[in-house]
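Remember, predicted model here, so these are calculated numbers, not experimental data. The chains referred to below are lettered A, B, ... by the order of the sequence lines, with proteins before strands, and numbering in each begins at 1.
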Number of protein chains: 2
Amino acid sequence: MVRKFPEPDVFQANCPTQRVLETIADKWSVIVIYALSQQETRRYSELQRVIGGISQKMLTQTLRKLERDGLVDRKVYPVVPPKVEYSLTPVGHTLTELLKAICQWTQIHWDEIEAARVRYDQGSDP
Amino acid sequence: MVRKFPEPDVFQANCPTQRVLETIADKWSVIVIYALSQQETRRYSELQRVIGGISQKMLTQTLRKLERDGLVDRKVYPVVPPKVEYSLTPVGHTLTELLKAICQWTQIHWDEIEAARVRYDQGSDP
DNA sequence: CGGCATCCTAGAGGATACTG
DNA sequence: CAGTATCCTCTAGGATGCCG
């Protein structure tokens, strides 16, 4: 028996917006993508250095996830010592446009949000 | 002593894009905002019903967070039994525009992402 | 250099029960 | 009805150590 919803699937967790957010909206993905958008290619250690405070576990994990999603390209050079270069794919580049839109929204509305927070916190904790 | 960074704050976790994502990008926030965008006001129980599978803990927690950020308005009627109505604030409404943009990006690129995933998974697990 | 494997802990979040 | 409070679980993610 199939449950039928009158609404589109917006309320289900697999709605389009939900999907991207699951894809990119963690602390590190955005930062990694930014780091890659600033330069053609970045080496692993370069990313680690430029992104202060990321553990290599999370860096690797994030890069793997982005690579799996086809947003980041990973090129391994068969040299010793090892050399690996990361770069954004074409799809990855279109994603930076989206992030830019998000960034713009923030710049416009962030002051209001912070003000709202102050107001809220003052009201509940006088 | 203040630590000075040569880069702009894009790589720090508090960059603009990061901030919105921390604000809205959890499983439930998006769904709650969607639910509220479809109707002027929604009662608590109404939200709980329309959003399948959310616990009242998470619903309350999400609503409080959105209210604190000034994205959602909470109106309590002093009647018995209690009646509480939730609605989007003006800022909250502009946020739905942003979510729409995200949704559009997904609709354009999601097929590519899924295809990339299949390719990646086949390559690593033959 | 560019990782994986392991251990460990804090916090997210579900289930349940109670209340103004 | 619209929550709060408590417990309990499970996993994200840091720290550390080893390897090709």
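- Distance NZ (Lys65(B)) to P (dA12(C)): 11 Å, rounded to an integer number of Å.
- Rounded to whole angstrom, the span from the CE atom of Met58(B) across to the C1' atom of dA12(C) amounts to 7 Å.
- Distances were taken from every side-chain heavy atom of Pro82(A) (C-beta onward) to each of dG2(C), dG20(C), dG3(D); the shortest belongs to dG2(C).
- Taking atom CZ of Arg64(B) as the reference point, atom P of dG3(D) lies 5 Å away to the nearest angstrom.
- Taking atom OH on Tyr77(A) and atom P on dG3(C), their separation rounds to 13 Å, with Å as the unit.
- Note that CG of Leu71(A) and CD1 of Ile113(B) are 5.0 Å apart. Values are rounded to the nearest 0.5 Å.
- Note: CZ (Arg42(A)) to P (dG2(C)) measures 13 Å, nearest angstrom.
- For the pair Trp28(B) CH2 and dG14(C) C1', the computed distance is 11 Å after rounding to whole Å.
- Residue Tyr86(A) is in sugar-phosphate contact alone, with no base atom involved, counting any heavy-atom pair closer than 4.0 Å across all strands shown.
- Between Arg43(A) and dC1(C), a side-chain N or O to OP1/OP2 separation shorter than 4.0 Å is absent.
- Between the P atom of dC19(D) and the CD atom of Gln56(A) lies a distance of 16 Å, rounded to the nearest Å.
- Atom P of nucleotide dG13(C) and atom CD of Gln61(B) are separated by 7 Å, given to the nearest angstrom.
- Partner of Glu46(B) under the salt bridge (Lys or Arg N to Asp or Glu O under 4.0 Å) criterion, chosen from Arg43(B), Arg42(B), Arg49(B): Arg42(B).
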* Walk me through it: do Ser87(A) and Lys75(A) pass the test side chain to side chain donor-acceptor pair (under 3.5 Å)? => CA-CA 8 Å; Ser87(A) 58; Lys75(A) 173 145 194 180; over 6 Å; no
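- Judged by closest nucleotide on DNA chain D, Glu46(B) is the one of Gly53(A) and Glu46(B) placed further toward the 5' end.
- Taking only side-chain nitrogens and oxygens, Ser45(A) comes nearer than 4.0 Å to OP1 or OP2 of dG2(C).
- Dashed line: the shortest gap from a side-chain N or O of Arg49(B) to OP1 or OP2 of dC1(D) is not under 4.0 Å.
- Summarising the geometry, atom OG1 belonging to Thr96(B) is positioned 8.5 Å from atom CD1 belonging to Ile33(B); distances are rounded to the nearest 0.5 Å.
- Between Pro81(A) and Lys57(A), the residue anchored closer to the 5' end of DNA chain C is Pro81(A), taking for each the nucleotide with the nearest heavy atom.
- Two different hydrophobic clusters hold Val91(B) and Ile108(A) under the rule that ILVMFWY side chains link at heavy-atom gaps under 4.5 Å.
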